[in-house]
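None of the values given here were measured: they were computed from a predicted structure.
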Amino acid sequence: MTDNTSASAQTPEPASHDVDSVDNSVKRRRVLIGGAAVAAAGGLAAAGLASAATATAETKTGASSAAAAAADVCTLTEEVTEGPYWLAGALVREDIREDKDGFEVQFTFTVVDQANDCAPLENALVEIWHADALGEYSGYVGGNHHTEDDDGTFLRGGQMTDSDGLVSITSIWPGHYTGRCVHVHMRVHTDVTLTDDSYTGGSIIHTGQLFFDADINSEVQALSPYSDNTTTETQLDDDGIYDGGGASSGLLTLTALGDSVSDGFAATLTVGVSSS
């Protein structure tokens, strides 16, 4: 396990958005990540134009359904690098968008514990962070060659899992930056102490990345504000981190919230970790 306070000291501050590389000094742990990947063929149509009400119902299945699903998807995979853009002290909040433009994504994760027969893991902090529509990270604005305000907190934050291992976070679809496909970073922490709006202490038991269906992403990136990002985009199959393993490698299940990609998506994944 990695102590939260030491991770910050190991995080380099890059001059630009270089390709994230696997950090061989990071202790290699096997984790469980599950959930069916949306079909790539046909883009948005293949995802199914489900209503927002249907998407909400599908993501609130309760403890028994979560445990049953976890038992079916105990696929082991290696965790990957945190990348160079993590910042300590993320805000604990459900909506991390602030004033950022982009298409809404309602993330729902079910965290299960391999050390406890894949039972739901309660009171774990699930933290995510990602680039905005122009491929810029808060705290590092300018790395993808765009000028904008940087408050150091946009599109960063986390929530605590409930008794069913469920956590929901609202954000936007990420943009791309040079050298990487579109992705989201994730960390799972245990034994944190909550403050008024953040956390202290605890242990990091999982570091991973989340990915999006390539065809749907192409539709998103072709529309404003994403189309204002003129840097070269790396495709999912050409990414140096995503290994083609589908949900076992962090590929999200997507459900459309409306008739257009601009209406946004529900994005779900079962994430298994070992608390031991």
Side-chain angles (χ1 to χ4, degrees), residues 12 14-23 37-47 80-86 96-98 100-107 128-150 154-156 171-186 208-247 249-257 260-267 269:
S16 63
H17 286 305
D18 295 328
V19 177
D20 294 347
S21 60
V22 176
D23 185 351
V38 67
L44 178 58
V80 298
T81 178
E82 73 179 36
Y85 305 115
W86 180 74
I96 66 174
R97 291 174 293 182
E98 298 186 8
K100 283 297 174 181
D101 292 333
F103 304 157
E104 181 175 343
V105 178
Q106 298 174 2
F107 293 99
I128 64 173
W129 68 99
H130 62 82
D132 66 9
L134 296 180
E136 300 289 348
Y137 281 86
S138 57
Y140 299 95
V141 166
N144 204 36
H145 312 297
H146 301 93
T147 300
E148 58 186 55
D149 294 336
D150 186 357
F154 66 75
L155 306 179
R156 297 178 182 272
S171 190
I172 63 169
W173 194 287
H176 64 273
Y177 60 87
T178 302
R180 286 299 314 279
C181 72
V182 169
H183 63 281
V184 172
H185 295 267
M186 168 186 278
Q209 296 185 25
L210 311 172
F211 300 94
F212 298 82
D213 175 82
D215 290 342
I216 298 176
N217 179 65
S218 292
E219 296 184 51
V220 170
Q221 301 297 321
L223 300 176
S224 181
Y226 300 93
S227 58
D228 295 333
N229 181 357
T230 57
T231 58
T232 301
E233 180 180 1
T234 298
Q235 298 302 310
L236 182 66
D237 288 343
D238 298 323
D239 189 69
I241 299 296
Y242 179 67
D243 62 6
S249 299
L251 188 66
L252 294 156
T253 295
L254 301 175
T255 305
L257 297 177
S260 167
V261 292
S262 62
D263 294 325
F265 290 85
L269 192 71

> Let's go through Leu254 and Trp173 carefully: what are the C-alpha distance in whole Å and the side-chain angles of both, what is the deciding distance for side chain to side chain contact (heavy atoms under 4.5 Å, CB included) to 0.1 Å, and is it a yes or a no?
CA-CA 11 Å; Leu254 301 175; Trp173 194 287; 3.7 Å; yes
> Check the pair Gln106 / Thr255 against side chain to side chain contact (heavy atoms under 4.5 Å, CB included), numbers first and verdict last.
CA-CA 10 Å; Gln106 298 174 2; Thr255 305; over 6 Å; no
> Side chain to side chain contact (heavy atoms under 4.5 Å, CB included) for Val182 and Glu233? Distances and angles first, verdict last.
CA-CA 8 Å; Val182 169; Glu233 180 180 1; 3.9 Å; yes
> For Phe154, enumerate each residue passing the ring pair (Phe, Tyr, Trp, His ring centres under 6.0 Å) test, keeping only those at least two apart in sequence or located in another chain.
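Expected list: none.
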> What I'd like to find out is whether the side chain of Ser138 reaches to under 4.5 Å of the side chain of Leu155, using heavy atoms alone.
no
> Backbone N or O of Leu134 within a donor-acceptor pair of the His146 side chain at under 3.5 Å?
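Such a contact is found between His146 side chain and Leu134 backbone.
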> Spell out, as yes or no, whether a donor-acceptor pair under 3.5 Å connects the side chain of Asp150 to the backbone of Gly139.
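Here the side-chain-to-backbone pair exists.
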> Which heavy atom in Ala133 sits nearest to a heavy atom in Asp101, and how many Å separate them?
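It is CB-O, 3.9 Å.
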> Of all the heavy-atom pairs spanning Gly102 and Tyr226, show the shortest one and how long it is.
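In this case the closest contact between Gly102 and Tyr226 is CA-OH, 3.3 Å.
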> Between OG of Ser224 and CZ of Phe103, what distance do you get to the nearest 0.5 Å?
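Those atoms lie 7.5 Å apart.
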> Rounded to the nearest 0.5 Å, how far apart are CG of Asp238 and SG of Cys181?
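Between Asp238 CG and Cys181 SG, I get 9.0 Å after rounding to 0.5 Å.
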> In the structure I gave you, are the side-chain heavy atoms of Ser260 and Glu219 within less than 4.5 Å of one another anywhere?
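Answer no - side chains too far apart.
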> What do you reckon, are the aromatic ring centroids of Tyr137 and Trp129 less than 6.0 Å apart?
no
> Where do Asn229 and Thr231 come nearest, in terms of heavy atoms and distance?
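It is OD1-OG1, 2.7 Å.
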> Which word best sums up how the rings of Phe211 and Tyr242 line up, parallel for under 30°, tilted for 30 to 60°, or perpendicular for over 60°?
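Ring orientation of Phe211 relative to Tyr242: tilted.
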> Only counting residues at least two apart or in another chain, list the ones meeting side-chain hydrogen bond (donor to acceptor under 3.5 Å, both in side chains) with Glu148.
Lys100
> Looking only at heavy atoms, what is the nearest atom pair of Ile172 and His130, with distance?
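Smallest interatomic distance, heavy atoms only, reads O-CE1, 3.3 Å.
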> Can you tell me how far CG of Leu257 sits from OG of Ser262, rounded to the nearest 0.5 angstrom?
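One finds 11.0 Å between OG of Ser262 and CG of Leu257.
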> In chain order, what residues pass the side-chain hydrogen bond (donor to acceptor under 3.5 Å, both in side chains) check against Gln221, with sequence neighbours excluded?
His176, Asn217
> Can you tell me how far the CG atom of Asp243 sits from the CG atom of Asp237, to the nearest 0.5 Å?
11.0 Å
> What's the separation between atom CG in Asp239 and atom CD in Gln209, rounded to the nearest 0.5 Å?
7.5 Å
> Is the backbone of His185 close enough, under 3.5 Å, to the side chain of Tyr85 for a donor and an acceptor to pair up by distance?
no
> Between Phe107 and Phe212, what is the ring plane arrangement, given parallel below 30°, perpendicular above 60°, and tilted in between?
perpendicular
> Begin with the C-alpha distance, continue with both residues' side-chain angles, and end with the deciding distance and a verdict on side chain to side chain contact (heavy atoms under 4.5 Å, CB included) for Leu252 and Phe265.
CA-CA 11 Å; Leu252 294 156; Phe265 290 85; over 6 Å; no
> Any side-chain heavy-atom pair from Leu251 and Leu236 closer than 4.5 angstrom?
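Side-chain contact under 4.5 Å: yes.
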